[in-house]
Protein chains: 2
Amino acid sequence: MVMKGREIILGILQSGPHTGYEINDILQTRLSHFFDATSGMIYPTLKKLGTEKLVTKQQISQTDRPNKNIYTITKAGKTAFSKAMSEPTSDEILKSDVLMRLYLVKIYRPNGYQNFFRKKLNVRKPNWRRYKSSWQPGWQMA
Amino acid sequence: MVMKGREIILGILQSGPHTGYEINDILQTRLSHFFDATSGMIYPTLKKLGTEKLVTKQQISQTDRPNKNIYTITKAGKTAFSKAMSEPTSDEILKSDVLMRLYLVKIYRPNGYQNFFRKKLNVRKPNWRRYKSSWQPGWQMA
DNA sequence: CTGCGCATGTAACAAGTTACATGATTTA
DNA sequence: TAAATCATGTAACTTGTTACATGCGCAG
């Protein structure tokens, strides 16, 4: 099973009750490297977790600031989270832009980006004989 | 811009004409570490690329095997792909199950999985004094 | 007086997953 | 004879993104 927004939010709520705003903040700051969240996902998810009785909601009225809802994880929620944590990890897939680009370059530009970038940057072709190293530019096809 | 199925497929077609089946095969074998694809995504995407004139379709009738459609990238398709490749890379987000789990453990199980796993595996608590190292087990909270 | 922090939420949309349907040929 | 390979595709569904709406208080 994959670690989705559902489980992430349940996991955060294990550290104590939080508002949606706080959950958003934690995701945007401390967990931004693993997961990116938006309010358009957090609030609907919290609502759904509520209807599934995995969290409870406590409304706090405020006058100077907008009202807030504090969410607390229930026993059923803790069970659900533990179950998700003990299930096998999904394949580690790096949906990586960089890696993908590097890989695709090999397919469609066998000689690499040398000339492409040289023209873009308006740089002259270097005189490789000036360098003592035996290294020569160019892709080594697998 | 993110490297999505659209661009991935265009990138593969730069290496030559391919059928949907072949594209699927390439993604499932050679590119599975960066991206995972399903036929439910590939065929609709190819169709859409066709209506956008980024690829052309050539139907091949076969008697012993199912008919196949060979897709070729057009000039417009190559332009679109090059443009996507030259756009800034999206933030490298590792939507990593493993990393996320390790991080969340800190939140909801401050002393780590020590006792949890010891009980699961039915192992006795080790006698740490037997080890010369000054290292002691346990999480170091940040 | 502009913008930020607090605080929640919806609606339309985009993208991808799952499950299914079809069907001949070949391999174990 | 069961399963894999070839080969395409749809429909329902899940998940998440983008853009927007609301509105007070406070700091620069």
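Worth saying up front: this structure is predicted, and the values here are computed from it rather than measured. Hydrogens, waters and symmetry mates play no part in the numbers below; they use all other heavy atoms, side chains included. Reminder, nothing fancy here: chain letters follow the sequence lines and each chain counts from 1.
Across all strands, Thr45(B) comes closer than 4.0 Å to no nucleic acid atom at all (heavy-atom distances). Residue contacts shown for Asn24(A) are absent, as no nucleic acid heavy atom lies under 4.0 Å away. Residue Asp36(B) is in sugar-phosphate contact alone, with no base atom involved, counting any heavy-atom pair closer than 4.0 Å across all strands shown. At a threshold of 4.0 angstrom between heavy atoms, the contacts of Thr63(A) with the nucleic acid are absent.
With DNA chain D read from its 5' end, the first of the two nearest nucleotides for Asp25(B) and Tyr71(B) is the one closest to Asp25(B). Mapped onto DNA chain C by nearest heavy atom, Asp64(A) and Lys57(A) fall at different nucleotides, with Asp64(A) at the one closer to the 5' end. Closest-nucleotide positions on DNA chain D for Pro66(B) and Gly40(B) were compared, and the one nearer the 5' end corresponds to Pro66(B).
A distance-only check finds a donor-acceptor pair linking the side chain of Thr74(A) to the backbone of Lys53(A) [under 3.5 Å]. Formation of a donor-acceptor pair under 3.5 Å by the Ser86(A) side chain with backbone atoms of Lys83(A) is found in this model. The backbone N or O of Gln62(B) sits less than 3.5 Å from a side-chain atom of Asn67(B), completing a donor-acceptor pair. Here the side chain of Ser82(A) pairs no donor or acceptor atom with the backbone of Thr79(A) at under 3.5 angstrom. One N or O on the side chain of Glu22(A) and one on the backbone of Thr19(A) form a donor-acceptor pair closer than 3.5 Å. Remark: the backbone N or O of Asp25(B) is not paired with any side-chain donor or acceptor of Gln28(B) at under 3.5 angstrom.
Straight-line distance from the CD atom of Glu22(A) to the C1' atom of dT8(C): 13 Å, rounded to whole Å. The interatomic distance linking Lys47(A) (NZ) with dA7(C) (C1') rounds to 16 Å, in whole Å. What separates OH of Tyr43(B) from P of dT18(C) is a distance of 17 Å, to the nearest Å. Atom CD of Gln58(A) is separated from atom C1' of dA7(C) by 16 Å (rounded to the nearest Å). Atom C1' of nucleotide dC6(C) and atom CG of Asn69(A) are separated by 13 Å, given to the nearest angstrom. The separation between Met41(B) atom CE and dA14(C) atom P is 15 Å, rounded to whole Å. Rounded to an integer number of Å, the gap from CD of Glu7(B) to P of dA14(C) is 14 Å. For the pair Leu46(B) CG and dG16(C) P, the computed distance is 13 Å after rounding to whole Å.
Side-chain proximity of Arg65(A) to the nucleotides dA7(C), dT8(C), dA15(C) is greatest for dA7(C).
Across all non-hydrogen atoms, the minimal contact from Ala37(B) to Leu27(B) is CB-CD1, 3.4 Å.
Regarding contacts with the backbone of dT17(C), a side-chain N or O of Thr38(B) is found under 4.0 angstrom from either OP1 or OP2. Between dC6(C) and Gln62(A), no contact under 4.0 Å exists linking OP1 or OP2 to a side-chain N or O. Of the side-chain N and O atoms in Tyr21(A), none sit less than 4.0 angstrom from OP1 or OP2 of dT8(C).
A nucleotide of DNA chain D counts as in contact with chain A when one of its atoms lies under 4.0 Å from a heavy atom; the first and last such, 5' to 3', are dT15(D) to dG25(D).
A salt bridge links Arg6(B) with Glu52(B): at least one charged nitrogen is closer than 4.0 Å to a carboxylate oxygen.
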